[in-house]
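So you know, we letter chains A, B, ... as the sequences are listed, proteins then strands, and number each from 1.
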Number of protein chains: 2
Amino acid sequence: MNLSQNMQDYLKAILLIGRDGTASTSDIAARLEVSPASVTSMIKKLDELKLVKHESYRGVTLTHAGRKIALEILRHHRLIETYLSEALGYGWDQVHEEAERLEHHISEEFEDRISKILGDPQYDPHGDPIPSKDGRIPPTTSERLADAEREESVIVRRVSSHDNTMLRLLTHHGIGIGSTLRIVSRNEDVRSITVRHQRKIIDLSIDICSHIFVDRYVGTTRQ
Amino acid sequence: MNLSQNMQDYLKAILLIGRDGTASTSDIAARLEVSPASVTSMIKKLDELKLVKHESYRGVTLTHAGRKIALEILRHHRLIETYLSEALGYGWDQVHEEAERLEHHISEEFEDRISKILGDPQYDPHGDPIPSKDGRIPPTTSERLADAEREESVIVRRVSSHDNTMLRLLTHHGIGIGSTLRIVSRNEDVRSITVRHQRKIIDLSIDICSHIFVDRYVGTTRQ
DNA sequence: AATATAGATTAGACGTATCTAAATCATTGC
DNA sequence: GCAATGATTTAGATACGTCTAATCTATATT
C-alpha cells in the first residue's frame, strides 16, 4: 500500500481533528488549507481505498487501516520532532515545520533507530503523545490552563500549538513542559491570567492559556 | 526558486553524469529510469527556467544557477549519508536509499546542524566528496583498483557504487574506505584481481575493482 | 412546514510528470 | 553521398491533486 504524501496528510488530519472520530469536509479543508472541493475529491479516493468511510454530507471517519496509517505518520512526526530537539538542538518552536516534511520520507529503519536512540520516548517536545509502534497513544491531560482557578498550582504538560510566536513567548518567560505555575489571578475583563513562575509574575492571554494543558499540582509529577 | 523534487533529481543527474559537463537525453533517462521522452520534456522546462542549456539533439549542460542547485542537493545527499552512518549507525550499504529520499526535504537549518555535528566532513561513507556550502568539491582520486599493477600497494579511497550486494561483499571481507590492499596478482583470463588485505587473500572481480578508487601507497595517508 | 443559510458535492478546468507511438535528426558505414 | 541506425523530439494520452463556479443537501429559524 503506497500512499501519496497528500493522502497521508489527509489521513493524519482526520485523525487529529478528533470530533469523536468524525471529521467534516470543512474541518479538513481548514486544516490542510485546501478548498472543500479538493477535500471531497480526495475523500472519495480514500473511501475507495477503504481507508476512510464517507457518508455524503455527514462526514468522514477513519477505517482501521486508515487509522493505522495515520498513527504511523503521527508517530513519525512526533519522533522526528523529539529527535530534532534532543539530538540536533532545535528549539521547540523550530521542530514542527521540519517534521512536517520529513515525516513522509523516513523509512521504518530510521524510525526505529531514532526511537531507540531517544529511549523510546512517549511525548514530543510539545508534550504531545507519540503513538507506539502498535498504535497505542500514551495518556494526556485535557485540563486547560485557561480553566484553572486562582490560587491553584499546575504543571505544564502540553502546549498544543505550533504557532512559533506563542512558543517563543513561553520560552522567553522560561516556561516549558514540566514548568510549575501558580495562578495569581484571573483577569476576565482583559481576558488574561496572571501566573507566578519561578518568582516571576507573568501575564498570559486566555488565548495562549487555552493551548496550555496542565496537571493540577498535587506534590508528585509524571515523568 | 521553488523546484519540484523531480526537477532537483534531473539537475543532480546531469551534474553526476560528468561527460565534461554535457549529458545526453539517454544518459539522464537511464539514470533516472524514465523514458527519453520524459527527459526531453523536463529538459525543456528546466531550459525555460534557465537552469540548463539545451541544444536540440546535442545534449544539455547546467547553467551556473542549475549547477548551484544540483550541488546543494548533492551536498544534502552526502551529508545525510554521512550522518546516517556516523550518528545513527547505518551501514554504508544502507545509507543511499534513505538519503535519496531525504535530500529533497531537509532545510538549510538541518543541513547546517548535521554538518557541524559531523565536523564539516569532506567525504561521505563511500568516499565521495561532499560539496561545500559554496559549491567547492573536495579532491578525489580517479585511479581505479582495476588498473593497479601486481605488487603495488594501494589505499581504498572511494567506492563509486550504490549496489548493496557489492558493498556488503566488501564489508564481508573487511574492506572499507582507508583499507590498504596489496595486489597479489592480476588474473586477466578470469577477469579478476587477487589482493591481500590484513593477511587474507581475496579475489575481486574486475567489475568490482573498477568501482574502487585508490591512492598508490607511498607511506603517507590522506585523512 | 417553508425557507434561509451553511456546508458539501459536482462539473469542468489547469499544471505537473509521466508514458507510448510516431516522426525527425545526426552519424557512421559503405 | 546516401542509406541505415540509433538517439532525440513531438504528439497525444493518462493520473494526480488542485482550483473556481455552480448546484445540491441538511438543518435551523420562524
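Within 6.0 Å of NZ on B:Lys44 lie no more than 12 heavy atoms contributed by other residues, nucleotides or ligands.
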Which letter, B, S or -, goes with each nucleotide of nucleotides 14-25 of chain C from 5' to 3', with contact meaning a protein heavy atom under 4.0 Å? ---BBBBB--BS
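Annotation: cation-pi pair A:Arg113/B:Tyr90 present, NZ/CZ under 6.0 Å from the ring centroid and within 45° of its normal.
Mapping heavy-atom proximity under 4.0 Å, the span of DNA chain D touched by chain A runs 5' to 3' from D:dG17 to D:dT27.
One finds no salt bridge joining B:Arg186 and B:Glu152 here, because no Lys/Arg side-chain nitrogen approaches an Asp/Glu carboxylate oxygen to under 4.0 Å. Ion pairing of B:Arg216 with B:Glu149 is absent here, as no side-chain N (NZ or NE/NH1/NH2) approaches a carboxylate O to less than 4.0 Å. Using a 4.0 Å cut-off between charged side-chain N and carboxylate O, B:Arg101 and B:Glu98 make a salt bridge.
At a threshold of 4.0 angstrom between heavy atoms, the contacts of A:Thr40 include nucleobase atoms, whether or not backbone atoms are also involved.
Under the rule for a side chain to side chain donor-acceptor pair (under 3.5 Å), B:Glu97 has no partner lying at least two apart in sequence or in another chain.
Under the 4.5 Å side-chain criterion, counting only non-hydrogen atoms from C-beta, B:Leu62 is in contact with B:Leu11.
Not one side-chain nitrogen or oxygen of A:Ser26 sits closer than 4.0 Å to the OP1 or OP2 atom of C:dA6.
Between the side chains of B:Asp9 and B:His104, at least one donor N or O lies within less than 3.5 Å of an accepting N or O.
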